[in-house]
Number of protein chains: 2
Amino acid sequence: MLEAKAKRNPQLTRERLLGAGFLEIYHSGYQGADLGKILLRAEVTKGALYHHFDSKEALGYAVVDEVIAKVTRDKWLDPLAQAADPLVALIRIVQATSLSEADVRGGCPLNNLAQEMSPLDEGFRARLAAVFLAWRTAIAHALKAGQKQGLVQTGIDPMDTATLLVATYEGYISLAKNSQDPRILQAGKRHLTRYLESLRVS
Amino acid sequence: MLEAKAKRNPQLTRERLLGAGFLEIYHSGYQGADLGKILLRAEVTKGALYHHFDSKEALGYAVVDEVIAKVTRDKWLDPLAQAADPLVALIRIVQATSLSEADVRGGCPLNNLAQEMSPLDEGFRARLAAVFLAWRTAIAHALKAGQKQGLVQTGIDPMDTATLLVATYEGYISLAKNSQDPRILQAGKRHLTRYLESLRVS
DNA sequence: CTTCCAACATACCAACTAGTGTGTATCTTC
DNA sequence: GAAGATACACACTAGTTGGTATGTTGGAAG
């Protein structure tokens, strides 16, 4: 019999708290997130939480820096960094955006938290702004590389276009979240795909 | 001496509560909105609040139905309904979007509340979705009228285009709010204006 | 084997906050 | 002008929630 009862593992405990914190914040927002529910979900006690984090705020910051930033890296930055053709990669990423009930209803974790906390807490705002900037910068770099390779039209400004893409993408997710209608998000994916194809050198 | 001390005026009290509630919700979100602060801002006591509204939720609903919906009507629906040229009207409205510190920091009251409450409270979600739908519908109607007058290209679907405009508009406001950089919103206004001009029959 | 510290567990507290109960002043209606 | 209804004022409560104080356990080092 191996590992009948959970052994002590601080690294695992920390990750459980981050995961549960992320889900709870995603569901209720940071202000609405209940530490008690986070502890229940993580199957961890309050003592463990306050051993690993100084405060609810510190846990929230860590969720941004470690969980939300990682999701963005995995979905956007890494695929773009390795892409041969930036437009193909961007279209693939956009098309991979989930239309599931839960995801449409929940919206974008990054934007959710940014909208809630940016005016209220500079610590959150700055961390979330760093993620947005890294996202836009990654798209801009990919577009610029595409221009040099003759794959992307040179008439556009990479960073300006990256910002447009992110804004439109987040805007559609927001509308879909409120209407709870995946067809709106589907329309957004179609539009973004058409726009990306229009950037190709033909 | 006329009206030395504030006389009793239920209509005014109600409006003060709606106004203060709107501002407090705009600042802190619905969940974070403190009834005590709303009462201080409105210069009204708790008895008055619970005379006019059954609960915090009822006040929130009224803020959506009466304040937020009215702001949208005044800024978008009415100008569009009276416009001779929809594209001119839309560009004028977009250009009129405030770049002030406070407005950039605060974002869009409609979208703020929609992002916060849509997954949590069906009453809020449905009311806010009605405002979004009215907004998009007004733009679509104006575009369709413009098509019939030969002012707008017939190749586009009015409702689809209206949704794109709203999504992009809200997306830029969200990014500007998080970055606290009015230049992002300025870029959004430029882009939307260019896009609207591209819809014109030339 | 002992010592020490990280890694928890549990009971408790203090502050906040939506909501209520009761009393009072003002207005309308007959 | 009496009576009922409306429009408040104010003190209080009950529940929630982030945070803390204190105790215990397990593992690693010497």
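Chain identifiers are assigned alphabetically (A, B, ...) following the order of the sequence lines, protein sequences preceding nucleic acid strands; residue numbering begins at 1 within each chain. Just so we're clear, the structure is a prediction, and the values are computed from it rather than from any experiment.
Comparing C/dT10, C/dT26, C/dA18 by their closest approach to the side chain of B/Arg8 singles out C/dT26. Of the candidates D/dC10, D/dT17, D/dT20, D/dT17 carries the atom nearest the A/Asp34 side chain, counting heavy atoms from C-beta on. Listed candidates were C/dT10, D/dA7, C/dA7. Nearest to the side chain of A/Thr45 is C/dT10. Nearest to the side chain of B/Pro10, among C/dG19, D/dG19, D/dC8, sits D/dC8. Taking the side chain of B/Lys56 as heavy atoms from C-beta on, and the options C/dA18, D/dC8, D/dG19, the nearest nucleotide is C/dA18. Proximity note for B/Tyr50 (side chain, C-beta onward) versus C/dA9, C/dT20, D/dA7: the nearest is C/dT20.
For A/His51 and C/dA9, the shortest distance from a side-chain N or O to OP1 or OP2 is not below 4.0 Å. A close approach under 4.0 Å does occur between a side-chain nitrogen or oxygen of B/His52 and OP1 or OP2 of D/dC8. A close approach under 4.0 Å does occur between a side-chain nitrogen or oxygen of B/Thr13 and OP1 or OP2 of D/dC8.
Atom P of nucleotide C/dG19 and atom CD1 of B/Ile38 are separated by 11 Å, given to the nearest angstrom. In this structure, NZ of A/Lys37 is placed 10 Å from P of D/dT16, rounded to the nearest angstrom. If you take CG of B/Leu39 and C1' of C/dC16, they are 15 Å apart, rounded to a whole angstrom. Taking atom CG on B/Leu35 and atom P on C/dA18, their separation rounds to 4 Å, with Å as the unit. Protein atom CZ of A/Phe53 is 12 Å distant from nucleotide atom P of C/dA7, rounded to whole Å. Rounded to whole Å, the distance from NZ on A/Lys46 to C1' on C/dC13 is 11 Å. The distance between atom CZ of B/Arg16 and atom P of D/dA9, rounded to the nearest whole Å, is 10 Å. Atom CG of B/Asn9 and atom P of D/dT6 are 17 Å apart (whole Å).
Between B/Tyr61 and B/Phe124, the angle of the ring planes goes over 60°, which puts this pair in the perpendicular group of the 30/60° scheme. Under the 30°/60° scheme for interplanar angles, the aromatic rings of A/His191 and A/Tyr172 are found to be tilted.
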Could you walk me through whether B/Thr193 and B/Gln95 pass the side chain to side chain donor-acceptor pair (under 3.5 Å) test, one step at a time?
-> CA-CA 8 Å; B/Thr193 300; B/Gln95 288 296 332; 2.7 Å; yes
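Judged purely by atom type and a 3.5 angstrom limit, A/Arg136 has no side-chain atom pairing as donor or acceptor with the backbone of A/Thr163. With hydrogens and angles disregarded, a donor-acceptor distance shorter than 3.5 Å links the side chain of A/Asn112 to the backbone of A/Gly106.
Mapping A/Gly36 and A/Gly47 onto DNA chain D by nearest heavy atom places A/Gly36 at the nucleotide closer to the 5' end.
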